[in-house]
> 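This is the structure, below, for whatever I ask next.
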Amino acid sequence: MAVVQEKELLCKEWLSKPKKLLINGKWVEPKSGKYFESYNPATEEVLAKIPEGGKEDVDLAVKAARHAFENGPWYRKMTTAQRARCLYKLAELIEKNADELAQLETLDNGKPIKESRYVDVPMTAETFRYYAGWATKIEGETINANSDFFTYTLREPVGVVGQIIPWNFPMLMLAWKWGPALACGNTVVLKPAEQTPLTALRLGELALEAGFPEGVVNIVTGLGPDSAGEFLANHMDVDKIAFTGEDKTGQIIVKASAGNLKRVSLELGGKAPNIVFADADIEAAVKGAITGIFFNQGQVCCAGSRLFLEKAVHDEFMDKLLERVGKMRQGFGLDEDTVIGPQVSKEQQERCLDYIEIAKKEGAKLACGGARPEDLKKGYFVKPTIFTDVNNEMRIAQEEVFGPVLSVIPFKNIEEVAEQANKVRYGLSGAVWTRDVKKAHKLASHIKAGTIWVNCYNVFDPAVPFGGYKQSGYGRELGKHSIELYSNIKSVWLNLAD
Ligand code: NAI
Ligand code: MG
């Protein structure tokens, strides 16, 4: 087994150093005096003690961000090209430290090292590079509405932005949040997920090295309720909150925003329909179904967790799918051969196992998996699990499991599947597999979701917007749309009349 040996761990020395909060360009101990533990989900061992930021720490971070925004050089003095340079430099430093960051992400989250190395790290760097490009291209407009006035708009940053992120793509979510916010000239306070705070802390160091002025990026680690997350969401001097996580938490964030009517953008869960017609390239669709549900151990908001199979191809498809899934190698993320690692936490493992029991009781048929693997004694593993004979009304088809648990739902025709695809409260994504362009387009237009993939799954690019319909949230991240999330338009009227 090609497991990375302890001596090959590039982040070992860094891990052993005390972890602190990043406030006003300095690493500081939490005023709360409290710490919590971050675990390696593959071994259940403690990786590091992490400061539990409290109210006072959040206040200090917001104060630093406010001061940096109003009085610091970042927005008021630096040129957009200088701001872009910081973002480019950060992308460069991420690439320079790619192997270390990939190991750290895998240790903290559990995901296979190949995914950290070839997906998370490069996409994080590319996202910063993409938004570095935007920093010099954010413009207002002139409007010839009335010849007595010269009228123009300014596109200005929102100000101090609070960003609360989840544990499934810790580094990438940071980049999706920091990239556009910083390109616009905002200052930020980031609250990483308590399960996976390590890469954010390392990126904080790299941000200082990249030359971001003090107070521009602040990081307060901590928990959600009655901790850093809640205090940030409620803070009266935060102008905007960007949140990714559970829909129930999203509702709390919206309520918390009411105090000062801060702006909110939300990227929440999903229960995506992945629809396969009999006329599709079946081999490709089988691979797509696997990527759709098992990538990142199924801990993906846009996971293709409802697999709709046209009846004519159902049995053939299932045979091929089960054969491939049977060969998936589950194990430690640091093992080069691993394609599926552990769930991020005991809580998430139990959530998956609970849903497996619910599905059985509802009458769904277990086709594979359905338990933790017998050969892995430690770690929060759940076997890749597939249920057939699911109907769209069952809880297993309606609620987000956020794990490697697939529901297979047979369908008769396009009318039936079109109706069922939308019968869910979420609307983040969907996919269609067919060689018939008419069917593909019909469903692409019909499905109420922010992203539709045709004959592919989980394809991303920093230039392509991503976000939800319905209870999957609002606002679009990535692309130019994220610039809109993080800026305000100001109209200026200049009287030219005599
Ligand atoms: P969560 O929504 O509780 O956590 C996400 C972030 O929000 C974390 O940083 C957390 O500390 C923070 N948070 C939690 N409660 C808060 C509060 N009251 N005020 C402010 N911040 C708060 O999600 P959790 O509990 O980690 O996972 C539960 C489920 O949520 C998952 O099983 C999955 O279904 C969903 N989820 C969806 C994600 C997505 O990408 N859309 C990511 C993570 C979880
Ligand atoms: Mg929670």
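Every number for a ligand or one of its atoms is a count from 1 in the order of the listing. Since the model is a prediction, treat every value here as computed from it, not as a measurement.
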> Test your reading of the model: is there a side-chain donor-acceptor pair from Asn296 to the backbone of Gly298, 3.5 Å cut-off?
no
> Counting heavy atoms only, which part of Glu267 comes closer than 4.0 Å to ligand 1: side chain, backbone, both or neither?
both
> How does Ile253 reach ligand 1, by side chain, by backbone, by both or by neither, if only non-hydrogen atoms under 4.0 Å count?
side chain
> Give the atoms of ligand 1, by number and element, whose distance to some non-hydrogen atom of Gln195 is under 4.0 Å.
26 (O)
> Please identify which atoms of ligand 1 are closer than 4.0 Å to at least one heavy atom of Gln348.
27 (O), 28 (C), 31 (C), 32 (O)
> Are the side chain of Arg263 and the backbone of Leu485 linked by a donor-acceptor contact shorter than 3.5 Å?
yes
> Please name the residue in the list Leu334, Thr338, Ile340, Val339 that meets the side chain to side chain contact (heavy atoms under 4.5 Å, CB included) test with Pro112.
Thr338
> Polar-atom distance check: Ile165 versus ligand 1, any N or O pair below 3.5 Å?
yes
> Give the atoms of ligand 1, by number and element, whose distance to some non-hydrogen atom of Lys191 is under 4.0 Å.
8 (C), 9 (O), 10 (C), 11 (O)
> One pair to check against ring pair (Phe, Tyr, Trp, His ring centres under 6.0 Å): Trp176 and Phe466. What are the steps and the verdict?
CA-CA 10 Å; Trp176 285 25; Phe466 184 79; 5.6 Å; yes
> Please list, one pair per line, the donor and acceptor atoms closer than 3.5 Å that link side chains of residues 443-451 to other protein atoms, with sequence neighbours excluded.
residue	atom	partner	partner atom	Å
His446	NE2	Ala418	O	3.0
His446	NE2	Asn422	ND2	3.3

> Counting heavy atoms only, which of Asp247, Asn168, Thr249 is nearest atom 2 (O) of ligand 1?
Thr249
> Against heavy atoms of Ile252, which atoms of ligand 1 measure under 4.0 Å?
18 (N)
> Of Phe169, Tyr426, Phe402, which has the heavy atom at the shortest distance from atom 44 (C) of ligand 1?
Phe402
> Distance-only criterion, 3.5 Å: show the donor-acceptor pairs between side-chain atoms of residues 20-33 and protein atoms not counting sequence neighbours.
residue	atom	partner	partner atom	Å
Ser32	OG	Lys34	N	3.2
Ser32	OG	Glu52	O	2.7

> Do any N or O atoms from the side chain of Trp433 and from the backbone of Ile275 form a donor-acceptor pair under 3.5 angstrom?
no
> Taking Glu37 first and then Lys49, would you say they form a salt bridge - that is, a charged N and a carboxylate O separated by under 4.0 Å?
yes
> By number and element, which atoms of ligand 1 are closer than 4.0 Å to a non-hydrogen atom of Leu268?
41 (N)
> Check Lys248 against ligand 1 and report side chain, backbone, both or neither, counting heavy atoms closer than 4.0 Å.
neither
> Check ligand 1 against Pro166 and write out every atom of the ligand that is under 4.0 Å from a heavy-atom position of the residue.
42 (C), 43 (C)
> With heavy atoms of Leu223 as the reference, note each atom of ligand 1 found under 4.0 Å away.
11 (O)
> Using 30° and 60° as the class limits, which term best fits the ring planes of Trp453 and Tyr457: parallel, tilted or perpendicular?
tilted
> Picking from Glu477, Lys177, Lys240, what satisfies side-chain hydrogen bond (donor to acceptor under 3.5 Å, both in side chains) with Ser265?
Lys240
> For the 3.5 Å polar cut-off, considering only N or O atoms, please tell me whether Glu194 and ligand 1 meet it.
yes
> On a heavy-atom basis, I'd like to know which of Gly222, Cys301, Pro192, Ala256 is closest to atom 39 (C) of ligand 1.
Cys301
> I'd like the name of whichever of Glu230, Glu400, Glu246, Gln163 reaches closest to atom 30 (O) of ligand 1 through any heavy atom.
Glu246
> Identify the heavy atoms of Leu232 and Gln163 that sit nearest to each other, and give their distance.
CD2-N, 4.0 Å
> Once you restrict to heavy atoms under 4.0 Å, what part of Gln299 touches ligand 1? Side chain, backbone, both or neither.
neither
